[in-house]
Structure formats: C-alpha cells, structure tokens
Amino acid sequence: MIEFLQQLGIKTRTSFTKLGRGTFFLLQTMSGVLSVLPRPRLLLNQMHSIGVLSFLIITISGLFVGMVLGLQGYYTLSDFGAEESLGVMVAASLVRELGPVVSALLFAGRAGSALTAEIGLMKATEQLSGMEMMAVDPIKRIISPRFLAGFLSMPLLAALFSAVGIIGGQLVGSGLLGVDEGAYWSQMQAKLDFQDDIINGVIKSIVFGFVASWIALFEGYDAIPTSEGVSRATTRTVVNSAFSILGLDFILTTLMFGDH
Amino acid sequence: MDNSVSPQNSLVSVQNLSFSRGNKKIFDDISLEFERGKITAIMGPSGTGKTTLLKLIGGQLFPEQGTIIVDGNNVHRLRRSDLYNLRKRMGMLFQSGALLTDMNVFDNVAFPLREHTHLPESMIRTLVLMKLQAVGLRGARSLMPNELSGGMARRIALARAIALDPMMIMYDEPFTGQDPISKGALVHLIKSLNTILGLTSIVVSHDVQETAAIADYIYVIAEGKIVGQGTPKEIEQSESDWVQQFMTGAADGPAHFHYPAKDYVDDLLSTGKRY
C-alpha cells in the first residue's frame with residue numbers, strides 16, 4: 001500500500017514537473033514568435049513542410065468522410081422523408097465537429113509526429129546544442145517558426161477538410177442517391193449560421209492547432225536524445241495530442257453549443 | 001559582471017570546480033588553466049566527463065561549486081545576452097559535427113555569419129570559401145551533410161567554428177571513429193589553425209598518440225580528479241599508475257578490468273539461483 005502511494009506520488013510529481021517545463025517552453029516559444037516576423041522565409045519554409053505537405057492526406061480523408069456522411073445521413077433522413085436536408089446535415093457535422101477534430105487528429109499524426117522526430121533528432125545529433133554554442137537561440141530559430149506555422153496551418157487545413165467533405169457528401173447524395181442538388185446547397189445556405197457554425201468551428205481548429213503544435217514541439221525538445229528516446233517521444237506526441245484534442249473538443253462544444 | 005582576475009596569460013581558467021550528475025560526482029574540486037595561444041589537451045577514460053567540462057566552459061551547464069573564467073568573464077554570472085556575445089568568440093567542434101542536416105555545406109558554414117552579421121551575400125560567399133579552403137573542402141560546398149564522410153563532416157564543422165574568427169576553439173573528441181588518414185588531416189588542421197590564427201585550443205580526447213603529438217600541455221582526468229598534468233614529455237614519464245595505465249593502454253590497473261562482483265569461486269559454487 002505504502003509502495004503504491006509512493007509510486008503514485010512519484011508519478012504525479014513527474015507529470016507536474018513536465019507540465020511546468022512544458023508551460024515554460026510554451027512561454028519561451030511565444031516570446032520568440034515576434035522575432036520570426038522580420039524573417040518571413042523561415043515561416044514560409046515551415047508552412048510548406050507542415051501545411052502544404054499535409055494537403056494530400058487532408059483532402060483524401062475529407063473526401064471520404066464527406067462521402068460516408070452522405071451515405072449514412074441519407075439512410076437516416078430518408079426514413080423521415082427529409083432527404084433534402086442532407087446538405088445541412090453533412091455541412092453542419094463537418095464544419096462544427098468533424099472538420100476541426102478529424103483534421104487535427106490527422107495533423108497530429110502527419111505533421112506533429114514529423115515535428116517531434118525532427119526536433120528530437122536535432123537534439124540527439126547535438127544540432128540544438130551546437131546552435132546554442134554558436135550563440136543562436138534554438139527556440140527562436142527552430143521552434144518558434146514551426147510553432148507559428150502549425151498554428152496558422154491548422155485552421156486552413158480544417159477549412160479544406162470541411163470544403164472537400166461537403167463536396168464528397170454532394171457527390172454521393174445527389175450523384176448516387178438522387179437528392180436534389182439545388183436542395184442540397186440551398187438548405188445548407190439557409191440553415192448554416194456564419195457565427196454559430198463556421199466561426200465556432202474555426203475557433204476550435206485554432207485551439208487544436210495551438211495545442212497540437214505545442215505538444216509536438218515540446219515532446220521533441222524534451223525527448224531523451226537517443227534513437228529510443230526520440231521514437232518514444234513521437235508516440236507520445238500522437239497519443240497526447242489525440243487525448244488533448246478530443247478532451248478540448250468536448251469542453252469547447254459545451255461552451256459553444258451548450259445553451260441551444 | 002564579475003571581473004575576477006585570472007592568472008596571467010591564461011584565457012580560460014577553471015577554479016575549484018565541482019559537478020555531479022545524479023549521485024555520481026563527475027568533478028571533485030578541480031582547477032585547470034588554459035594558456036592563450038596554446039593547445040591544451042584534456043585526456044582520460046570515457047565517461048570521465050570531458051565533454052561535460054566543455055559544456056561547463058561554454059555555459060551550457062552550471063557547476064555546483066567553483067568558477068570558470070573565460071577572457072576575464074565569469075561565465076556563469078553573465079547575463080544571457082553577454083553570454084551569447086562571449087559564445088560568438090568561442091568555437092566548439094562537437095563530436096558528431098552537429099551540422100544542420102537541412103542545409104548544404106555552404107549554408108552550414110554561412111549560418112553563423114548570416115545569423116550574427118549583416119554582411120552582403122557576396123562578402124559571405126568570399127568568407128565561406130576562405131574558411132572551406134582552410135579545411136581543404138572548398139570543392140564540397142554543395143554537398144548535403146548526409147553525403148559527407150565522418151572526417152569531412154568534422155572538417156566542415158571546423159570551418160563553421162572558425163567562421164566568426166573566434167579567440168578559442170574547443171574540440172570534443174575530434175579523432176574518435178576516424179580512419180588514420182582523416183585523423184592525420186585533423187591533427188594537421190588543429191595544429192596549423194592554432195598557429196596561423198593564433199587561437200587557443202582545448203582538445204578533449206582519449207586518443208593518446210594524436211593528442212600527445214600536438215598538445216602543449218596535458219591534463220589527465222580520472223574519477224573526477226586530475227591524476228596527472230604536464231607537457232607531453234612529462235606525462236610520458238609520469239609515475240602515476242593512472243597516467244601510465246592510460247598512456248600505455250594496459251587492461252588492468254587503477255581502472256579495473258573486472259566490473260565489481262563478488263568472489264568468483266563463491267559465485268560459481270552458489271547453486272539454486274538463476275543468475
């Protein structure tokens with residue numbers, strides 16, 4: 001029993017120390033963001049490797065998620081003779097929930113794990129330490145541009161995901177199942193609210209982008225600088241990002257849509 | 001800023017330094033002097049914290065006790081911006097080279113110049129080519145770090161370390177894992193850079209011959225203490241068992257061949273245990 005409590009105490013203390021290091025790291029990173037602005041090339045390079053290279057996975061997943069939504073939605077809605085509302089259903093699910101959440105999960109898997117591995121390897125091969133010895137702050141030069149790029153890319157990727165998903169839903173709905181195309185679009189236009197649905201979805205994806213980039217960069221920076229340490233850190237990035245994204249999604253949804 | 005006076009003519013002065021990692025004492029109250037314009041070597045078995053010492057001098061780690069003075073500045077009392085300014089005048093060659101893997105050789109050498117100066121690109125090009133010429137790799141400027149051999153990577157890293165014309169260079173195990181030809185090239189480079197550029201060099205190494213060939217002064221460290229010091233000749237004639245074992249590479253001596261264990265015969269005869 002005592003041993004169990006001891007273990008529990010150690011575990012708790014370790015996680016709190018890590019949280020403290022993480023917060024400190026985040027503050028350093030954010031204070032370094034300003035020094036990125038005069039050097040847009042650094043940011044653009046990272047936007048390319050974090051954002052642009054995630055295009056394919058986001059587009060294809062968005063298309064399939066939208067098509068599945070179209071199918072599933074049609075079967076449920078047709079029971080009530082409300083097939084015309086398919087557009088609203090598909091668009092609302094994507095813009096409010098699936099767009100931000102699924103694209104954030106994919107982002108953590110594709111870009112987040114790559115970031116952790118990259119930073120972890122830079123640490124393991126003494127590149128970060130070498131930079132420090134050259135009087136270059138690795139946080140400002142390496143971490144902050146990547147953080148900013150992740151933070152800015154996420155909402156754009158989520159928007160892309162939703163847009164492609166809506167097209168996918170339409171392909172299946174009106175192309176395959178015969179829902180009226182005009183009804184699909186006009187109902188969507190009439191029912192979806194800019195403030196309630198779209199802005200809230202964008203806010204979600206901004207929050208997820210912030211958290212996923214933070215976790216990925218911190219895990220890399222905090223990794224034990226060996227090949228084993230880096231591979232563990234990469235796993236942790238994906239697991240922790242997924243938990244944080246889903247947990248935060250619940251909280252944000254409660255705050256945004258709780259009073260409806 | 002703390003301006004403690006360091007002994008005449010020494011650029012780096014380590015005074016009463018203690019440092020531990022966990023429960024293990026890495027340095028126990030040691031003092032070393034590194035003279036200006038000379039090559040000073042720190043030798044000792046692996047795991048005696050030689051690299052740690054370089055990180056302490058560079059201000060990347062903090063000592064538990066003692067002070068480290070570099071060119072009149074107490075490294076661990078400096079403000080961050082002053083420490084960064086001091087580091088611009090300290091080059092360090094990491095064991096792995098620590099080249100940035102996403103840039104080619106030219107950009108790697110240009111990196112400190114681009115970060116710290118506002119020189120026009122044409123001037124940077126000239127400087128980079130001069131530094132690359134000095135290490136004999138001007139022709140390799142467009143290669144990526146993963147296309148370089150270990151010895152080449154270290155020479156490029158050396159070109160990068162001298163890019164800002166520092167007052168000193170710290171070499172972390174420059175000869176480890178090199179073939180004889182690369183070793184020869186590095187020995188030659190360290191010696192000639194030291195003479196031509198008037199640098200102060202600190203070489204951390206366990207390669208006895210190579211280091212003894214170029215060093216002006218040697219410290220031998222073992223178990224957190226200095227077990228021998230002097231010119232290469234003095235070290236060779238040292239009567240210390242530690243120094244003798246290290247220089248001749250004897251398998252047994254003060255550093256034991258056997259990892260601590262209980263008596264061999266007892267161990268073999270005790271039955272009923274799996275291991």
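Computation of the quantities below employed the complete heavy-atom set of this structure, encompassing side-chain atoms and omitting hydrogens, waters and symmetry-equivalent molecules. Residue numbers begin at 1 in each chain, while the letters A, B, ... track the order of the sequences.
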Applying a strict 4.5 Å limit to non-hydrogen atoms, the region of B:L99 in contact with chain A is backbone
* Consider only side-chain N and O atoms of B:K88 and B:N85, and report whether a donor and an acceptor are under 3.5 Å apart. => yes
request  = For B:E35 and B:T40, test the side chains for any donor-to-acceptor distance below 3.5 angstrom and give the result as yes or no.
outcome  = no
Filtered by a 4.5 Å non-hydrogen cutoff, the part of residues 110-131 of chain A contacting chain B is A:M122, A:T125, A:E126, A:Q127, A:S129, A:G130, A:M131
Is the distance between the ring centroids of B:F62 and B:F19 less than 6.0 Å?
-> no
Salt bridge or not between [X] and [Y]? Use side-chain N to carboxylate O under 4.0 Å.
{"X": "B:E121", "Y": "B:R125", "result": "no"}
{"X": "A:K140", "Y": "B:E115", "result": "no"}
{"X": "B:D71", "Y": "B:R36", "result": "yes"}
{"X": "B:R89", "Y": "B:D165", "result": "no"}

| query | Got more than 12 heavy atoms from elsewhere within 6.0 Å of CE, B:M130? | reply | no
Check: Crowded around B:M103 CE? As in, over 12 foreign heavy atoms under 6.0 Å?
Finding: yes
Contact list (residues 50-60 of chain B to chain A, heavy-atom gap under 4.5 Å, by number) returns B:K55, B:G58, B:Q60
Checked B:M92, B:M90, B:H116, B:R80 vs chain A; the most non-hydrogen pairs under 4.5 Å come from B:H116
In A:R21, A:R232, A:R236, the residue satisfying salt bridge (Lys or Arg N to Asp or Glu O under 4.0 Å) with A:E219 is A:R236
